[in-house]
Novice: 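Dumping the structure here so I can ask a few things about it.
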Amino acid sequence: MVGAGILLFFVWTLRKRNSKNSNRKRERTNRETTEDIGLVDTWLEMTDPSQSQQCMVLDERNRSSPITNAERVNLLQPSEPVNDYSSLYSPPRCWEIPIELVTLKKVIGKGAFGQVAKAEVRGLQGRPTTILVAVKMLKEHASESDRKELLSELQLMKELDAHPHVIKLLGCITRSGPLMVLTEYVPYGDLLGYLRKSRGLNDTYFQDPDIKPKTNLTSKQLMKYAWQVADGMSYLSSIPIIHRDIAARNVLVGEGETCKVTDFGMARDIQEDNIYQMRSKGRIPLKWTAFEALLHGKYSTKSDVWSYGVLLNEIVTIGGTPYPEMDGRQTLTLLNSGYRMPKPQHVDDKLYDIMTNCWKDDPDLRPSFESLRNELKEMEDQHKRLINMKMYDKQLYANFEDLNV
């Protein structure tokens with residue numbers, strides 16, 4: 001009798017667990033269906049109704065300004081904008097910012113469908129200061145799918161913890177004006193432009209004429225950039241999130257030459273099965289995309305590792321173009337035959353081995369971002385041997401107009 005009771009309890013427990021799993025799957029399916037039919041405004045709202053209501057209340061509070069006179073004076077008082085984001089690294093009660101608190105200064109970067117502007121924002125998270133921020137927004141004639149992509153990027157960034165080598169979301173505008181995503185302002189622009197400017201080239205996606213790049217980068221600096229990107233990606237892959245567009249153009253360089261992974265427009269959360277199957281046509285950065293992703297549309301953290309190997313080549317060649325003078329189709333054909341980018345003459349075998357390990361045919365044989373981060377950290381004192389700048393020939397890595405193929 002006791003044995004039968006235990007058996008019945010076990011069956012009841014198992015059914016309850018299966019019911020919970022089914023509910024989770026149903027919720028996930030409903031969420032994906034909402035995205036598919038394009039209900040982006042509903043999808044943008046916070047998942048917790050109480051938080052959503054609180055957000056609306058806070059938004060109205062900011063609009064009607066039911067605050068003390070002293071607070072109002074502090075908010076409106078002119079002040080020099082600052083770049084200290086350390087006090088803003090805890091998630092706010094509400095990400096929404098009234099548009100009247102944001103002053104756009106100038107466009108500092110443009111893409112096919114979006115642009116980035118330097119701006120000032122007053123009273124961010126209730127603080128009586130003016131903060132410099134970067135504002136990502138759509139161009140005037142952007143499509144609804146472009147808007148949905150930017151909303152997707154915003155939603156993902158809301159879920160990230162603060163990390164020194166990942167760009168930080170500070171707020172957004174979704175109700176009181178054009179869609180805007182506010183992030184920390186990173187003064188030196190994208191890593192690709194930063195590298196190329198250091199050797200006199202001016203083709204950068206993100207540029208501020210008030211910021212002068214450093215010249216004659218050292219091997220120590222280059223190894224530092226490589227480690228920082230691996231560190232940022234180690235965090236993202238631990239969540240786990242796949243970025244799908246790791247490249248020097250999607251890394252920003254901030255104060256103290258701190259590299260921060262950015263641009264999550266193609267990123268996907270892969271909590272369930274650690275892999276993302278590409279099912280629809282879209283823009284694909286061919287020369288940075290892993291072999292299995294190009295052939296079968298299969299993305300994982302290990303496909304990001306492949307892309308990191310290409311980015312590492314960009315760093316050590318100081319902004320060299322991957323597979324120069326080849327188009328994307330030629331590259332795919334060569335990769336299929338076993339071809340990999342050759343070792344730059346000024347790079348040591350040990351560092352080149354890291355690249356080729358990232359480009360293994362079998363994703364399971366590639367290193368993890370955690371191991372890449374640890375290995376590069378151990379190698380930082382060997383930078384002069386790993387990257388011999390005396391042998392660097394910039395003529396071998398001239399600028400080619402094929403960055404996105």
Side-chain angles (χ1 to χ4, degrees), residues 21 25 28 32 156 159-160 163 165-166 223 226-248 250-251 261 263-264 266-280 282 284-316 322-323 328-329 331-344 347-379 386:
N21 290 336
K25 289 180 180 179
R28 193 182 314 122
E32 291 170 352
L156 186 146
E159 299 171 6
L160 301 179
H163 190 282
H165 300 130
V166 176
M223 289 297 293
W227 176 81
Q228 289 178 340
V229 177
D231 186 46
M233 287 306 303
S234 179
Y235 161 68
L236 291 174
S237 63
S238 71
I239 294 177
I241 283 175
I242 48 174
H243 190 284
R244 299 200 304 148
D245 198 10
I246 294 299
N250 289 330
V251 174
V261 179
D263 203 334
F264 299 97
M266 291 178 64
R268 293 292 183 275
D269 188 325
I270 50 169
Q271 286 284 355
E272 296 307 317
D273 54 9
N274 282 339
I275 196 165
Y276 174 79
Q277 179 75 42
M278 186 88 168
R279 292 190 175 90
S280 60
I284 299 177
L286 293 176
K287 292 188 176 184
W288 286 262
T289 301
F291 188 56
E292 70 277 5
L294 290 174
L295 286 182
H296 310 296
K298 292 184 177 180
Y299 291 85
S300 66
T301 56
K302 292 301 183 73
S303 62
D304 275 349
V305 168
W306 175 296
S307 302
Y308 175 81
V310 181
L311 181 147
L312 185 54
N313 186 274
E314 291 182 280
I315 291 176
V316 300
Y323 313 97
R329 294 183 183 278
T331 303
L332 180 57
T333 301
L334 286 170
L335 290 176
N336 194 33
S337 67
Y339 174 85
R340 298 294 184 266
M341 275 190 286
K343 182 180 78 68
V347 172
D348 186 79
D349 288 342
K350 187 175 181 182
L351 187 55
Y352 180 63
D353 285 345
I354 292 181
M355 297 183 208
T356 55
N357 286 337
C358 292
W359 302 329
K360 296 282 190 183
D361 284 334
D362 185 348
D364 292 333
L365 297 180
R366 298 170 199 161
S368 66
F369 277 112
E370 182 180 10
S371 64
L372 286 169
R373 177 194 64 188
N374 295 340
E375 188 173 5
L376 289 167
K377 189 66 175 177
E378 292 173 358
M379 295 165 62
L386 295 170

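As a basis for the values below, the full set of heavy atoms in this structure was taken, side chains included, without hydrogen atoms, waters or symmetry mates.
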Novice: Would you name the heavy atoms of A248 and L311 that are closest together and state the gap between them?
Specialist: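 Where A248 meets L311 most closely, the heavy atoms are N-CD1, 3.5 Å.
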
Novice: Where do M355 and V310 land on the side-chain contact (heavy atoms from CB on, under 4.5 Å) test, with the steps shown first?
Specialist: CA-CA 7 Å; M355 297 183 208; V310 181; over 6 Å; no

Novice: Give the minimum heavy-atom separation between R366 and V305, together with the two atoms involved.
Specialist: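 Between these two residues, the closest heavy atoms are CB-CG1, 4.1 Å.
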
Novice: Centroid separation under 6.0 Å, is that true for the rings of H243 and W288?
Specialist: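 Between H243 and W288, which both carry aromatic rings, the centre distance is not below 6.0 Å.
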
Novice: Please check this pair: side chain of K343 against backbone of V347, looking for a donor-acceptor N/O pair closer than 3.5 Å.
Specialist: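 Flag set: sc K343 to bb V347 pair under 3.5 Å.
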
Novice: Tell me whether Y299 contacts the main-chain N or O of D304 through its side chain, where contact means a donor paired with an acceptor under 3.5 Å.
Specialist: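 Here the side-chain-to-backbone pair does not exist.
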
Novice: Passes side-chain contact (heavy atoms from CB on, under 4.5 Å), I241 versus L160? Steps please.
Specialist: CA-CA 10 Å; I241 283 175; L160 301 179; 3.7 Å; yes

Novice: Look up atom NZ in K350 and atom CD in E375, then write down how far apart they are to the nearest 0.5 Å.
Specialist: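 That separation rounds to 7.0 Å.
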
Novice: Identify the heavy atoms of M341 and P322 that sit nearest to each other, and give their distance.
Specialist: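 M341 and P322 have their closest heavy atoms at SD-CA, 3.8 Å.
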
Novice: If the condition is side-chain contact (heavy atoms from CB on, under 4.5 Å), which residues does S234 pass it with, not counting sequence neighbours?
Specialist: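 F369, E370, R373.
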
Novice: Indicate the atoms forming the closest heavy-atom contact of Y352 with P344, along with that distance.
Specialist: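 Between these two residues, the closest heavy atoms are CD1-CD, 4.4 Å.
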
Novice: Work out which heavy atom in C358 is nearest to a heavy atom in G309; give both atom names and the distance.
Specialist: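 Nearest pair, atom of C358 first, then G309: CB-CA, 3.9 Å.
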
Novice: To the nearest 0.5 Å, tell me how far D361 CG sits from N336 CG.
Specialist: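 Spacing of CG (D361) from CG (N336) equals 8.5 Å.
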
Novice: Supply the atom-to-atom distance S371 OG to N357 CG, rounded to the nearest 0.5 angstrom.
Specialist: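 So the gap between those two atoms works out to 9.0 Å.
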
Novice: Could you tell me how the ring of F291 sits relative to the ring of W306: parallel (under 30°), tilted (30 to 60°) or perpendicular (over 60°)?
Specialist: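 The rings of F291 and W306 lie parallel, inter-plane angle below 30°.
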
Novice: Tell me the closest heavy-atom pair linking L332 and L295, and the distance in Å.
Specialist: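 Looks like CD1-CD2, 4.2 Å.
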
Novice: Quick check for you: to the nearest 0.5 Å, what is the distance between I315 atom CD1 and L351 atom CG?
Specialist: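 Between atom CD1 of I315 and atom CG of L351 there are 9.5 Å.
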
Novice: Who are the ring pair (Phe, Tyr, Trp, His ring centres under 6.0 Å) partners of Y235, not counting sequence neighbours?
Specialist: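 Scan of Y235 (ring pair (Phe, Tyr, Trp, His ring centres under 6.0 Å), adjacent residues dropped) gives H163.
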
Novice: What's the verdict on side-chain contact (heavy atoms from CB on, under 4.5 Å) for Y339 and T331, showing C-alpha distance, side-chain angles and the deciding distance?
Specialist: CA-CA 9 Å; Y339 174 85; T331 303; over 6 Å; no

Novice: Could you grab the distance from atom CG of N313 to atom CH2 of W359, nearest 0.5 Å is fine?
Specialist: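 Reported value, rounded in 0.5 Å steps: 5.0 Å.
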
Novice: Between L372 and I354, is a side-chain contact (heavy atoms from CB on, under 4.5 Å) present by the stated rule, with each step listed?
Specialist: CA-CA 8 Å; L372 286 169; I354 292 181; 3.6 Å; yes

Novice: Quick check for you: to the nearest 0.5 Å, what is the distance between L376 atom CG and D231 atom CG?
Specialist: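 Result: 10.5 Å between the selected atoms.
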
